[in-house]
Number of protein chains: 4
Amino acid sequence: MQSRSSASRATGRPRSAAADAAILEATRAALVELGWSKLTLGDVATRAGVAKTTLYRRWAGKNELVVDAVAELFDELELPDSGSLAADIEGVVLQFAAILDRPEAKSGLMAVVAESTHDGALRARIRASIVDRQKRLVLEGRAHAQARGELPPEEDPGTAARAVDLIFDVVAGAVLHRTLVSAEPVTEDWACRLAQILLQGLPETTPPPPG
Amino acid sequence: MQSRSSASRATGRPRSAAADAAILEATRAALVELGWSKLTLGDVATRAGVAKTTLYRRWAGKNELVVDAVAELFDELELPDSGSLAADIEGVVLQFAAILDRPEAKSGLMAVVAESTHDGALRARIRASIVDRQKRLVLEGRAHAQARGELPPEEDPGTAARAVDLIFDVVAGAVLHRTLVSAEPVTEDWACRLAQILLQGLPETTPPPPG
Amino acid sequence: MQSRSSASRATGRPRSAAADAAILEATRAALVELGWSKLTLGDVATRAGVAKTTLYRRWAGKNELVVDAVAELFDELELPDSGSLAADIEGVVLQFAAILDRPEAKSGLMAVVAESTHDGALRARIRASIVDRQKRLVLEGRAHAQARGELPPEEDPGTAARAVDLIFDVVAGAVLHRTLVSAEPVTEDWACRLAQILLQGLPETTPPPPG
Amino acid sequence: MQSRSSASRATGRPRSAAADAAILEATRAALVELGWSKLTLGDVATRAGVAKTTLYRRWAGKNELVVDAVAELFDELELPDSGSLAADIEGVVLQFAAILDRPEAKSGLMAVVAESTHDGALRARIRASIVDRQKRLVLEGRAHAQARGELPPEEDPGTAARAVDLIFDVVAGAVLHRTLVSAEPVTEDWACRLAQILLQGLPETTPPPPG
DNA sequence: TACTAACCGAGACGGTACGTCAGGTCTTAGC
DNA sequence: GCTAAGACCTGACGTACCGTCTCGGTTAGTA
């Protein structure tokens, strides 16, 4: 986060650890009520019961603060080991959708992404704090599926890494688009149909009735 | 857009049609240079050679203006009739990625989406101006594929509509996530692999039937 | 006002004479309700049922318009021939005070005077339309007093003119200051005591002759 | 002026004392150059090297600011103890006229008076800051004259107070009207003749030649 | 226990942009 | 060629936040 460099000061009053938590929590609360554009750092400071100075001493600005506040939300995600790849995908999709459905995640995440298009440092911070952290889910899911024999073992490490990225973009992107752009709910049915496409492709979308 | 109601005024000086175009163009230019958060309406007005009041007379605020400015970008999209469903998908994906790669689209689109999470009217405007307008591509693509025999004819209209929405979320979402969140380029290779997943599913080497 | 030059146009639609009166009346009404600084020409136009263009075609701006609107008020003044100089003075003072007590006169007059300190043309217009027009009262009053034998006949015309100006400044100034700066009412008693000072000077109990 | 209430804040950064002086000085300078109606608070702030917000933090608006800026001018006035009532009056009249001749006093004073006709709080502020402060001159002058035996000692306190107000209105009003409305200079001769009227009344304006 | 350095709150500071409003000009259509 | 209507450009308004700064006061952790 913003850890003082290791070889740093030992003297003087230490920073209040409680303040950090209060500020991030206040940031999320403000995002819920006001959304990104009407969120002001002065207001966050007030909500957190903290001086504006304290806030600026720890974060460079609104963007950095919101990235940290939002990143915490995604750490809740975990892969359910449900016995089949399809069920694993469905489970993660529903969890991810549940987080994205929270207003603080919605407006916070999209806004920092928008800002990151003009700010390389912010982009890196987002990748490090949010995106790359959650790729672990795809990796774990694939490992489980391979153990079950649902997926073949990977041959080339390069190919495998590219596949992970692609899957992540498809799954996360679909949920993101459904939730934020289309602004439609992610239901169990939808998650099931998404998993089906991923595993079987389009032509089977409407399989012929057996018999 | 903001057409005066049909049964409207005949008197007074009419609005300059050129101003609209100049303002939208200036908005895109400002998005490129400054990004969403540093874009100011005063600056847009100056670039467009127009008074700030003229701008406010026609749009309610930054959000509405940017939606209109960005929406125009997506009207360039068209479905290539390339002979196979896979090639059609790949073509559209590349076109969509090319638009999303433009800085004005990137920051503009994400920002208004972020704002729309707290503004129902804005959400509706985005859907009407951007999302629903482009679903035509999925519809056309399916029709072509059905004509070619690559996809079965649809049975139930409800099921079919839900499928269109799903496909749209998956394709648009994947490109969006790749471009903006992962911040990686959409190459021909990537588009090809995406199309492959959509048509055949994940297990490239079809899994052995359980038994 | 801004009379078209005598040898002027005969073609086209003639200007509405009623509009002039309506505009000046509307100006006074707006002065009453809003005061000078919040009076707007657009509002005056609306009140008068006239387009803003019409207003600007006839007056150069707010200042000129208000001078004309206020000047009309002072034309009501007339010298009462009440039989004695003291009573004449008292009568004029009360009349003048009554006019100055009207809100449109108060704020209008002071404001244009304030503006005139930076605008010679406006200063001239005020003198011509308001100040010099009312000096007639002093002249008439003196003539009556001389006829009655209360004042000696004037010897030198220059001295006499200077005396008129002085009296006018003293009387009008006293009422003005009382009404606007001190913001106290001009009562009959006050007017009487003012007349007394003018005629007899300060030491009510005549000072003992020196020596 | 705008002193924080005595039992007030001890925390936070204290207000810059220098800013107050710079702002009032800048206000007077702007009044000289631009006059009341073209004076803008933004311009005053710029001249004073101060942010607009600082200005609004201390004064409620243009009116209040100008009252304070102008009031300082009148504090220069002082009663000359010149040995006779006539000479005292003449001296004060000339001093007062000298101040009123300054453009910042002219336009500033008249404008706030005009505004005060629609604003009771402003009227009170003017009285407190300007009018009542200068009545001291009349009081001192009368005391001196009584000490010299030129005026009888006052009998009734009420009568005396009313007399002070009247004298003040007459003297200040005459100078005001001469300077601003008539727009003529106050010369020594004029001041002398004004003093004469006050002391001896009108009929003596042109005394019969002795003998 | 006392020192002391860094922390903390409050809030004023110079700025920038906001969205609104009035001033004046202009461009229509209609009389 | 006037009129009403209203769009136009300009520029000031008063407000809200920004990020910085200067205060007085607090709070560990040594010395």
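Chain A is the first sequence line, chain B the second, and so forth, proteins listed ahead of strands; every chain is numbered from 1. None of the values given here were measured: they were computed from a predicted structure. Both backbone and side-chain heavy atoms feed into the values below; hydrogens, waters and symmetry mates do not.
D/E115 and C/S37 form a side-chain donor-acceptor contact under 3.5 Å, judged by distance and modelled atom types alone.
Taking 4.5 Å as the limit, every side-chain heavy atom of C/H118 sits out of range of all side-chain heavy atoms of D/K38.
A salt bridge links B/R47 with B/E33: the closest approach of a Lys/Arg side-chain nitrogen to an acidic carboxylate oxygen falls below 4.0 angstrom. Salt bridge absent: B/R123 and B/D119 never bring a charged side-chain N and a carboxylate O closer than 4.0 Å.
For the pair B/R13 CZ and F/dA7 P, the interatomic distance rounds to 10 Å; values are reported in whole Å. Here E/dC21 presents its P atom at 17 Å from CG of C/L41, a figure rounded to the nearest Å. The CD1-P distance, from B/I23 to F/dA7, rounds to 14 Å in whole Å. B/K38 has its NZ atom 14 Å from the P atom of F/dC18, to the nearest Å. Between D/E64 atom CD and F/dG14 atom C1' there is a gap of 13 Å when expressed in whole angstrom units. One atom, CH2 of A/W36, and another, C1' of F/dC17, lie 14 Å apart when rounded to the nearest Å. Rounded to a whole Å, the CG atom of A/D20 is 14 Å from the C1' atom of E/dC8. Straight-line distance from the CG atom of A/D43 to the P atom of F/dC17: 8 Å, rounded to whole Å.
Within the 3.5 Å criterion, the main-chain N or O of A/P103 finds a donor-acceptor partner in the side chain of A/S107.
Sequence order on DNA chain E of the closest nucleotides to D/A19 and C/L39 puts D/A19 first from the 5' end. The residue among D/K62 and B/T53 whose nearest nucleotide of DNA chain F lies closer to the 5′ end is B/T53. Map C/T40 and A/T54 each onto its nearest nucleotide of DNA chain E; the residue landing nearer the 5' end is A/T54.
Look at A/R58 and you won't find any side-chain N or O under 4.0 angstrom from OP1 or OP2 of E/dC7.
Taking only side-chain atoms of B/A51, from C-beta outward, the nucleotide of F/dG6, F/dT10, E/dA12 with the closest atom is F/dT10. In the set F/dA7, E/dC8, E/dG9, the nucleotide with an atom closest to the side chain of A/R57 is E/dC8. Of all nucleotides listed (E/dG11, F/dC13, F/dT27), F/dC13 comes nearest to the side chain of D/Y56. The listed nucleotides are F/dC18, E/dG14, F/dG6; the one nearest the side chain of D/V50 is E/dG14.
Interface remark: the A/K52 side chain does not form any donor-acceptor pair with the E/dG11 base, using a distance-only criterion of under 3.5 Å.
Residue-level contact check: C/G49 touches the backbone only, with heavy atoms under 4.0 Å from sugar-phosphate atoms and none from bases.
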